[in-house]
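Only a predicted model underlies this, so the values are computations on that prediction, with no experimental measurement involved. Chain naming here is simple, since letters A, B, ... match the order of the sequence lines and numbering starts at 1 in each.
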There are 2 protein chains.
Amino acid sequence: MSEVESFFKSAFSVDNVIFGFDGRSLKVLLIQRGAAPFRGKWALPGDLVYPNEDLDAAAERVLQQLTGLSNVYLEQVKAFGAVDRHPIGRVITIAYYSLIKISNYAVTPASFAQSAQWHEANNVITDLAFDHNDILDTCLQQLKTKARREPIGFELLPPKFTLTELQQLYEAILDQPKGLDKRNFRKKILAMNILVECSEQQAGVAHRPAKLYQFDKEKYEALAAKGLSFDL
Amino acid sequence: MSEVESFFKSAFSVDNVIFGFDGRSLKVLLIQRGAAPFRGKWALPGDLVYPNEDLDAAAERVLQQLTGLSNVYLEQVKAFGAVDRHPIGRVITIAYYSLIKISNYAVTPASFAQSAQWHEANNVITDLAFDHNDILDTCLQQLKTKARREPIGFELLPPKFTLTELQQLYEAILDQPKGLDKRNFRKKILAMNILVECSEQQAGVAHRPAKLYQFDKEKYEALAAKGLSFDL
DNA sequence: ATTATTTCGTGTAGAAATGACAATAAGTAT
DNA sequence: ATACTTATTGTCATTTCTACACGAAATAAT
């Protein structure tokens, strides 16, 4: 075997930290492994990257196969490449996270035999397979950092939401000890001018219904180009 | 060849965007490739990762072989893995950037035959080898973002520096159109309480010498733990 | 239909941070 | 001594931030 060939004995995979929000807390979708290694352990959904598949495409595929969803927010975080991170050989993995609207996720489609389950993002069991605890922590940290500087939170909410729901989301993501002040939060987010008020109101609640809002992405991008910086 | 084996026909490399600051502008260290592919083209320093080498270690090695430096600021940015990014096979690369004190870099050590040269970081030729323009842009963007929120700029300065030097550095990194206000910059950075004044002064200048300062990392970390957030 | 219950929606005032601005001080070179 | 160059320092007006409480609008229960 030539020297160059000896470098071509490794593989790479993608692992995807899929976040959702159920109205109360931030969740992560984990699977229980059906095959060795780490059979039976909880793990991040992931797969080897096909030889002629781009990295991002592989991450999308993993997400699509597990949730049936496509066209969702997906972002690469970093590569994890410790020599011994995988028991069967040299496999580095590229970690991604996605943000999905939890209500769109139906339950595991039949095509995927493995059991998948939502777990509390801030309180995940510490013995995930491989180095997945590491990966999860890194992605969670990155989400927390990024969510306060870019308007990605909306990816976790239904298209129309109330300001209270939005606030609860941010309280769940940034773990502010005391929560956020209601009036100040509303003032701030409305002042950015990136939300549009819907004509409908919240329905089916046993109290005064709230106004519904939508995130206006075009408006945000126009303002961002002019120097607006989202910051919570 | 088994199905699993077909996944083990790829390699990975690291590429390192090495930044320096010469007192006026931000620089990147590029090499001129001595071998195919892209022989003669300018490129980021990088190498294949050895089979039993951690990713970070490979990035350090590349840096060390080129500059003779070790123990410098090094950070992984992301993986670049388009299927066709490398002409000789499937090779994904993990991009890093490092910040070095340019005065410590002697010139290419003999061990490295390739010619290495500093280029203006904000104005690099657009036909680097591989997808290196992409990688460079991403790393530069990341540096700009990160430099305003974490005290990493000091890695580019000598241990003792004047406030004017520090300001010039930040003006070079964040390309503020009008520069920063001198009085306000000093007020802000000194108020953070992470600099210590040296007993010496600047020497060898034909005008009033400035006080020299050092970055106090322990102090910063103590304050950061209590909630200080570096922000310029 | 009155009442209880729950959440919605809103403004103000004091404190803190920011941004704009220029004159004197301390050295070297001639 | 004088010219030259860069270093150092404070104030004021404006903006932003933070803390804080009550009437309004709907449903549920009687």
Q: Could you state the atom-to-atom distance from CD of A:Gln202 to P of C:dC8 in whole Å?
A: 6 Å
Q: Rounded to the nearest angstrom, tell me the gap between atom CD in B:Gln167 and atom P in D:dT8.
A: 12 Å
With the criterion being N/O to N/O and under 3.5 Å, what pairs connect the protein with nucleotides 22-25 of chain D, and how long is each?
unit_1, atom_1, unit_2, atom_2, d
D:dA24, N3, A:Arg208, NH1, 3.1
D:dA25, O4', A:Arg208, NE, 3.4

Q.
Looking at every non-hydrogen atom in both residues, tell me the closest pair between A:Leu140 and A:Ala121 and how far apart they are.
A. CD2-O, 3.5 Å
Q) Is the NZ or CZ atom of A:Lys217 both under 6.0 Å from the centre of the six-membered ring of A:Phe215 and within 45° of that ring's axis? A) no
**Q.** Whole angstrom value for the distance that separates P of D:dT8 from CD of B:Glu165
**A.** 11 Å
(Q) With a 4.0 Å limit, can you tell me whether B:Lys211 has a side-chain N or O closer than that to the phosphate oxygens OP1/OP2 of D:dT9? (A) yes
Q: Return no unless some side-chain N or O of A:Thr164 is found under 4.0 Å from OP1 or OP2 of C:dT7.
A: no
Q: Considering only NZ, NE, NH1 and NH2 on the basic side and carboxylate oxygens on the acidic side, decide whether B:Lys41 and B:Asp127 come within less than 4.0 Å.
A: yes
Q) Which atoms form the tightest heavy-atom contact between B:Ser98 and B:Leu74, and what is the distance? A) OG-CD1, 3.5 Å
Q) Minimum heavy-atom separation for B:Ala147 to B:Ile173, with atom names? A) CB-CG2, 3.9 Å
Q) Taking five pairs at each end of the helix from C:dA1-D:dT30 to C:dT30-D:dA1, what angle separates the two helix axes (nearest 10°)? A) 10°
Q: Kindly indicate whether a cation-pi arrangement holds for B:Lys211 with B:Tyr213, taking the cut-offs as under 6.0 Å to the six-membered ring centre and within 45° of the axis.
A: no
Q: Pull out every residue in residues 183-199 of chain B that has a heavy atom closer than 4.0 Å to any atom of DNA chain D, ordered by number, or say none.
A: B:Arg183, B:Arg186, B:Lys187
